[in-house]
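Treat the numbers as computed from the prediction; the structure is a model and nothing was measured. Ligands are counted one by one from 1 in listed order, and the atoms in each one are counted from 1 as well.
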Amino acid sequence: MELCCGQALGSEPHFFDRHYARGLNWYRSMMPKALDGQIVMEKTPRYFVTAETPARIHAMSKEIKLIVVVRDPITRAISDYTQIISKTPDIPSFENLTFKNRTTGQVNSLWSPIWIGMYAQHLERWLIYFPLSQIHFVHGERLISDPAGELGRVQDFLGLQRIITDKHFYFNKTKGFPCLKKPEGSSKPHCLGKTKGRTHPKIDPEIIRRLRDFYKPHNLKFYQMAGKNFGWQ
Ligand SMILES: Nc1ncnc2c1ncn2[C@@H]1O[C@H](COP(=O)(O)OS(=O)(=O)O)[C@@H](OP(=O)(O)O)[C@H]1O
């Protein structure tokens, strides 16, 4: 965002989920100042899965543009678990938390890392308030394999010129991810920090297979609702 055309808040404000009682003026005061015609953005991933959020955002603006980054819900769940154990190392294994009953293979759809990946049921609530044309889905896997292409589509969605292109990125082999060649205001390349792109624990392929079966109908419904096939099987 800083590369082109607007201002983005650096941290997650959690206004529409946690701090709504603080009022819209508090939220406005949190947001960065922008010039006329510039876009202002914030990101709080939790909004997507919080029941009250669509109505609250709609009450603020009916024309707002919404961007959701989605990745394969299984990798997302493992990533979430990796984040949780980095803070609370003593929790049970991924396998234990994933299944209600290991013998029957019944998945615990109430466990947050599993529940968040049921994208269709979250999207359903947004579509009550916003047309699909106001929601753009960023393909999480492609954001890594082709960041410029994926961000090209984001710029199109926002009605911006395609200013961010391939020349802004390079692939950092040590990090294993694309990084910015030269962020605005700096002459040095910039990769995301240590908490992004962590090594995930190895999960038994049988558990992955069970989760594939579990997510299949949810993913298909999501592709149908979003009008886009993300190819997660
Ligand atoms: N360019 C680049 N560099 C490093 N990491 C990258 C990049 N692009 C996407 N990712 C992926 O971002 C994942 C981190 O996302 P988060 O779950 O922290 O997202 S969010 O901030 O909550 O939206 C993180 O996932 P995990 O490490 O699996 O958690 C990365 O796979």
Side-chain angles (χ1 to χ4, degrees), residues 1-4 8-19 30 32 41-50 53 57 65-89 91 93-94 97-98 111-119 122-123 126 135-155 157 164-184 186 188-203 207-208 211 215 222 230-232:
M1 197 62 189
E2 282 163 18
L3 278 170
C4 64
L9 189 60
S11 54
E12 295 175 8
H14 282 279
F15 173 63
F16 295 101
D17 55 338
R18 288 186 204 150
H19 303 305
M30 294 288 290
M41 287 180 100
E42 65 118 315
K43 72 127 187 145
T44 304
R46 196 78 203 169
Y47 291 165
F48 184 57
V49 300
T50 305
T53 307
I57 294 184
K65 291 192 176 180
L66 304 159
I67 298 175
V68 191
V69 183
V70 283
R71 73 197 289 197
D72 184 331
I74 301 177
T75 339
R76 209 214 73 81
I78 300 169
S79 166
D80 211 347
Y81 178 75
T82 310
Q83 158 86 357
I84 297 168
I85 40 167
S86 75
K87 292 182 178 159
T88 42
I91 57 162
S93 66
F94 179 82
L97 293 163
T98 293
W111 183 43
S112 171
I114 299 292
W115 171 77
I116 292 176
M118 295 155 72
Y119 302 135
H122 307 301
L123 180 57
W126 290 88
I135 309 175
H136 178 72
F137 296 97
V138 172
H139 192 301
E141 287 79 13
R142 277 213 295 261
L143 187 61
I144 294 168
S145 62
D146 176 22
E150 213 40 46
L151 289 174
R153 283 179 279 278
V154 170
Q155 291 168 93
F157 170 69
I164 304 170
T165 61
D166 264 330
K167 69 174 197 284
H168 291 101
F169 298 96
Y170 74 100
F171 189 81
N172 182 312
K173 281 195 191 141
T174 321
K175 179 94 185 154
F177 283 97
C179 299
L180 274 178
K181 271 188 192 156
K182 222 176 104 176
E184 196 171 79
S186 160
K188 286 195 201 141
H190 177 73
C191 294
L192 293 182
K194 281 188 193 145
T195 60
K196 309 280 169 181
R198 284 184 279 226
T199 310
H200 293 175
K202 263 217 135 357
I203 306 297
I207 296 172
I208 303 287
L211 282 174
Y215 276 120
F222 177 61
F230 291 83
W232 300 316

| note | Ranked by distance from atom 17 (O) of ligand 1, the top protein heavy atom is S79 OG, 4.5 Å
| remark: A student checking ligand 1 against H200 at a 4.0 Å heavy-atom cut-off should list atoms 26 (P), 27 (O), 28 (O)
| remark: min-distance protein heavy atom vs atom 22 (O) of ligand 1 -> P45 CG, 3.5 Å
| field | For Y119, the option from W232, F230, F137 that meets ring-ring contact (aromatic ring centres under 6.0 Å, His included) | value | W232
| Which is it for T50 and F16 under the side chain to side chain contact (heavy atoms under 4.5 Å, CB included) test, yes or no, and what are the steps along the way? | CA-CA 9 Å; T50 305; F16 295 101; over 6 Å; no
| request: Indicate yes or no: does an N/O atom of R71 lie under 3.5 Å from an N/O atom of ligand 1? | output: yes
| query | What is the nearest protein non-hydrogen atom to atom 30 (C) of ligand 1, stated with its residue, atom name and distance? | reply | G197 N, 3.7 Å
| query | Does an N or O from L192, backbone or side chain, lie closer than 3.5 Å to an N or O of ligand 1? | reply | no
| message | Applying the side chain to side chain donor-acceptor pair (under 3.5 Å) criterion to Y47, which one of H14, E42, E12 satisfies it? | response | E42
| request: Tell me which protein heavy atom sits closest to atom 4 (C) of ligand 1, plus the residue, atom name and distance to 0.1 Å. | output: F177 CG, 3.4 Å
Listing, residues 65-78 side-chain donor-acceptor contacts under 3.5 Å, not counting sequence neighbours, or none:
residue: K65; atom: NZ; partner: F157; partner atom: O; Å: 2.7
residue: R71; atom: NH1; partner: S79; partner atom: OG; Å: 3.4
residue: D72; atom: OD1; partner: I74; partner atom: N; Å: 2.9
residue: D72; atom: OD2; partner: R212; partner atom: NH1; Å: 3.3
residue: D72; atom: OD2; partner: R212; partner atom: NH2; Å: 3.1
residue: R76; atom: NH2; partner: D80; partner atom: OD2; Å: 2.5

| query | Going by distance only, is there an N or O of K43 that falls short of 3.5 Å from an N or O of ligand 1? | reply | yes
| What atoms of ligand 1 come within less than 4.0 Å of a heavy atom belonging to R198? | 27 (O)
| Which heavy atom of the protein is the closest neighbour of atom 8 (N) of ligand 1, given with residue, atom name and distance? | I144 CG1, 3.6 Å
| remark: Looking only at heavy atoms, the pair that brings H200 and T82 closest together is CD2-OG1, 3.6 Å
| task | Do me a favour and list the nearest non-hydrogen protein atom to atom 1 (N) of ligand 1 with residue, atom name and distance? | result | P178 O, 2.9 Å
| query | Identify the closest protein heavy atom to atom 14 (C) of ligand 1: which residue and atom is it, and at what distance? | reply | K196 CD, 3.4 Å
